[in-house]
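Let me begin by presenting the structure, written as structure tokens, before commenting on it.
Per chain, numbering begins at 1; letters A, B, ... match sequence-line order. A quick note: this is a predicted structure, and the numbers were derived from the prediction, not measured.
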2 protein chains.
Amino acid sequence: MALTQNTVVDTAVTILQQFGLADLSMRRLAKELDVQVGALYWHVKNKQELLAQVAAKLLNTPQLSVNAEDFSAPADAILQLSRRLYLALLPIQDSPEVIEVATAMQVTELAPVLQLRDLLESSGLSTEQARHGQQLLLNHILGSVAFRQNLVQLDVDAPLADGFDWGLQRAVAGLIS
Amino acid sequence: MALTQNTVVDTAVTILQQFGLADLSMRRLAKELDVQVGALYWHVKNKQELLAQVAAKLLNTPQLSVNAEDFSAPADAILQLSRRLYLALLPIQDSPEVIEVATAMQVTELAPVLQLRDLLESSGLSTEQARHGQQLLLNHILGSVAFRQNLVQLDVDAPLADGFDWGLQRAVAGLIS
DNA sequence: ACCTGAACACCGTTCAAGT
DNA sequence: ACCTGAACACCGTTCAAGT
């Protein structure tokens, strides 16, 4: 099996899911693929670009999209999509950092994030307002995931009531006045 | 001048402000203090604890507090405090990561973050709701700072209209119904 | 075109030994 | 009590040289 960009990214995803970002090093990745480190740089420009592609693999799945027609109001679709994103990212260690790298490079298109903006626009916000609303919601999703993952990591008893959903509802209520 | 915990943390703050988190390594810090790396570990448990103390130094300043009596409504005090936090963190490279480390370890008390919660409570929210509202606002502040700093880093033209304040107003409006 | 081998310039943390 | 010297086990990236 020849080394391709796809197998590199896929293996990176697996390492991330199983061991977290701290273990996702170029050297570890090379070892997993039975290859020398330098070989990776033929298929991927650098680690940042690799992480962006990992983020795309994580988010660009049909499971993370929502059918606007299934909801009576756009606000409900927004809530649903946000919850799906939150729940999908929660079990993947350090996923917020990875997503942030991808959005920062912004060359990679993350479908659910774009849909979030679309839904905000179709709920009556202007293009610019929708972009800012998307920012607010994404900040809350990623921040809440990171916070929760830190609690687990430090063996602190996680409060049963999460706070994510409450904050999400208030944010959406504030956005769609 | 003997090496103390305080000088170590202060030097760390300086490196962070001038060169960012990537340059704030234990080895670089030791070099700046004309000392061997191992010496640092006598004054600080590890790098994580150091970063938590750096965060405390950055945030626990009287400039980042607000006098509730100066405002007609608690909502205005919340807005003002949030803006001050945002503006204070913006010029410090990678400040969101540092603050996140500190809040994750939660042993360090960050005064402005606590005041945010107090203000939310005094605006009519329950203790639990105030905690969740604090989470929403902090997520937005740190997320927006990180986003802005990434734009600068990548030499993308930053949009003049920031989006932070718009999102902040909507969030506060949603929280204080 | 694709990969190896080896180097460059770094990391955080530990710990015997010195003063 | 406080610090040095040196090691351990790692990093990301580059690049001549091989096939």
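Comparing His43(A) and Asp23(B) by the nucleotide of DNA chain C that holds the closest heavy atom to each, the one mapping nearer the 5' end is His43(A).
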If you restrict it to nitrogen or oxygen atoms, what contacts under 3.5 Å exist between nucleotides 12-18 of chain D and the protein, and what is each distance?
residue	atom	partner	partner atom	Å
dG12(D)	OP1	Met26(A)	N	3.3
dG12(D)	OP1	Lys47(A)	NZ	2.8
dG12(D)	OP2	Met26(A)	N	2.9
dG12(D)	N7	Arg27(A)	NH1	2.4
dG12(D)	O6	Arg27(A)	NH1	2.9
dT13(D)	OP2	Tyr41(A)	OH	2.6
dT13(D)	OP2	Lys47(A)	N	3.1
dT13(D)	O5'	Tyr41(A)	OH	3.4

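Gln80(B) places none of its side-chain heavy atoms less than 4.5 Å from the side chain of Asp70(B).
As rounded to whole Å, 13 Å separates atom P of dC11(C) from atom CZ of Phe19(B). Atom NZ in Lys31(B) sits about 10 Å away from atom C1' in dA9(C), given to the nearest Å. As rounded to whole Å, 10 Å separates atom P of dC3(D) from atom CG of Leu40(B). Atoms CG (Leu29(A)) and P (dC3(C)) sit 13 Å apart, rounded to a whole Å. What separates CG of Asp34(B) from C1' of dC2(D) is a distance of 16 Å, to the nearest Å.
Pairing each heavy atom of Ala12(B) with each of Leu24(B), the nearest pair is O-CD2, 3.7 Å.
The strand DNA chain D forms stems, runs of 3 or more Watson-Crick or G-U wobble pairs with distances below 3.5 Å, at C:4-8 with D:12-16, C:12-16 with D:4-8.
Linking ILVMFWY residues whenever their side-chain heavy atoms come closer than 4.5 Å, directly or via other members, places Val113(B) and Leu87(B) in the same cluster.
The side chain to side chain donor-acceptor pair (under 3.5 Å) pairs that include a residue from residues 31-44 of chain A are Arg28(A)-Glu32(A), where partners are two or more places apart or lie in different chains. Sorted by first and then second residue, the ring pair (Phe, Tyr, Trp, His ring centres under 6.0 Å) pairs involving residues 70-96 of chain A (not counting sequence neighbours) are Tyr86(A)-Phe164(A).
Going from the C1' atom of dA16(D) to that of dC3(C) covers 13 Å, rounded to whole Å. Annotation: dA17(C) and dC2(D) have their C1' atoms spaced 13 Å apart (nearest Å).
Using a distance-only test at 3.5 Å, with no hydrogens or angles considered, a donor-acceptor pair links the side chain of Arg170(B) to the main chain of Gly174(A).
Phosphate contact (OP1/OP2 of dG5(C), side-chain N/O of Gln36(A), threshold under 4.0 Å): present. Look at Trp42(A) and you'll find a side-chain N or O under 4.0 angstrom from OP1 or OP2 of dC2(C).
A donor-acceptor contact under 3.5 angstrom links the side chains of Asp165(B) and Gln169(B), judged on distance only.
Listed by chain and residue number, nothing satisfies the side chain to side chain donor-acceptor pair (under 3.5 Å) test with Gln18(B) (two or more places apart in sequence, or in another chain). Listed by chain and number, the residues in a side chain to side chain donor-acceptor pair (under 3.5 Å) with Ser177(B) amount to none (sequence neighbours excluded).
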